[in-house]
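Contents: one structure, followed by commentary.
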2 protein chains.
Amino acid sequence: MQISSRFSVAVHVLSLLACQDPAALLTSDRMAGSVNTNPVVIRRILGQLKKAGLVEVRAAAGGTFLRLAPASISLLDVYRAVEVVAEGKLFHVHASPNVRCAVGRNIQAALDATLARAQTALERELARVTLAQVVVDLALPVAT
Amino acid sequence: MQISSRFSVAVHVLSLLACQDPAALLTSDRMAGSVNTNPVVIRRILGQLKKAGLVEVRAAAGGTFLRLAPASISLLDVYRAVEVVAEGKLFHVHASPNVRCAVGRNIQAALDATLARAQTALERELARVTLAQVVVDLALPVAT
DNA sequence: CTAATTGTAACTGCAATTGTTACAATAAGC
DNA sequence: GCTTATTGTAACAATTGCAGTTACAATTAG
């Protein structure tokens, strides 16, 4: 199954913040307008980004702003923040193979290292890209 | 969300076949016993592996056997066979951002290349491991 | 104090996964 | 050909997670 759109929405929201005057704030309502969804969906994600220390939220007037420079936020930070998948659990391995079978007894251990490597490879690619780079890509619509 | 256990079950099933006399057959019932699930679950997966040309199934007596040498089946082949994810669609990107916003208009394109790279990195790791290697790992329970 | 905004709970609708029962279709082996 | 084991598939249930929505108390700027 696909990785939740929480991730792409979070990157979208952080991009909105990164494109602004760093002192300016954005409300969940306005962000929801850009993402084209419900403000509560945005607020749920902002809650996770806040918990991860990426943004700060002011209740009454204004809303949210970045706590870090866009260049020091990687997509992996965002991916982890929105808990799209528990650490090391991208692949769902069937839980209770038959231990009375040599294959059943060892399949989990045999797959473990390989799947961890695959997952790490994916995360490494996300770690290489910063929010600042995403913003650059935004400003340059494909020239084709 | 997690990648379906269809994938690990498929690797399990193929491992069972690979551990056998290459001429021998296995029924979905016996495989289900090792995986610890319902035979229909196994048959559904076998159907996909068959469609991908990895196994051959004989109805009446016997069941399933490998069509290829374990060394020439990669985990990526299996991953693709069980359609755990549509080609290039591991990440679910939110579908209809607001095009009247510069970020909304370009976010999909801006993310596209990065996400494709991440996904490819994962698949490359799966491609490097063959069923034969998995079987070797099975025979060698971790020595700590 | 007021008014805007967040944080969160509760609910809906939807889709995919996994397991299950049931049964027709297939084909091996006598 | 008949019998019998087995597959292929449909249909359904239960569970889960996602995404959207309404509602409202809590917060805080001005």
Distance check needed: [N] [atom2] versus [X] [atom1], whole Å only.
| X | N | atom1 | atom2 | value |
| --- | --- | --- | --- | --- |
| B:Ile42 | D:dT7 | CD1 | C1' | 14 Å |
| B:Glu56 | D:dG8 | CD | P | 11 Å |
| B:Asn36 | C:dT20 | CG | P | 9 Å |
| B:Phe65 | C:dA27 | CZ | P | 13 Å |
| B:Asp29 | D:dT7 | CG | C1' | 11 Å |
| B:Arg44 | C:dA16 | CZ | C1' | 11 Å |
| B:Ile45 | D:dT7 | CD1 | P | 14 Å |
| B:Asn38 | D:dC12 | CG | P | 17 Å |

| said: Walk me through whether B:Glu123 and B:Arg80 qualify under salt bridge (charged side-chain N to carboxylate O under 4.0 Å, His left out). | reply: CA-CA 10 Å; B:Glu123 294 179 355; B:Arg80 291 253 164 84; 2.7 Å; yes
Of C:dT6, D:dT7, D:dA10, the nucleotide closest to the side chain of A:Arg43 is C:dT6
Closest to the side chain of A:Arg58, out of D:dT6, C:dT6, D:dA29, is D:dA29
One should read off an interatomic distance between B:Asn98 CG and A:Ser34 OG, to the nearest 0.5 angstrom, of 6.0 Å
Are the side chain of [X] and the backbone of [Y] linked by a donor-acceptor contact shorter than 3.5 Å?
| X | Y | value |
| --- | --- | --- |
| B:Arg6 | B:Glu83 | yes |
| A:Thr64 | A:Val57 | no |
| B:Asp77 | B:Ile73 | no |

Look at atom CZ of B:Arg30 and say whether more than 12 heavy atoms of other residues, nucleotides or ligands are closer to it than 6.0 Å. no
| message | Just to be sure I understand the rule, does A:Val57 reach a base, reach only the sugar-phosphate, or reach nothing, if contact means heavy atoms closer than 4.0 Å? | response | sugar-phosphate
When A:Gly63 and B:Val41 are each assigned the nearest nucleotide of DNA chain C, the 5'-most assignment goes to A:Gly63
(Q) Is the phosphate of C:dG19 approached by B:Thr37 (side-chain N or O, under 4.0 Å from OP1 or OP2)? (A) yes
### Query
Does B:Lys50 make a side-chain N or O approach to OP1 or OP2 of D:dG8 shorter than 4.0 Å?
yes
Residue pair B:Ser28/B:His92 against DNA chain D: nearer the 5' end by closest nucleotide is B:Ser28
Taking for A:Met1 and for B:Leu26 the nucleotide of DNA chain D with the nearest heavy atom, the one nearer the 5' end belongs to B:Leu26
| message | Same cluster or not: B:Val93 versus A:Leu76, using hydrophobic residues (I, L, V, M, F, W, Y) connected whenever any side-chain heavy atoms lie under 4.5 Å apart? | response | yes
Under a 4.0 Å heavy-atom cutoff, the residues of residues 2-16 of chain A touching DNA chain C are none
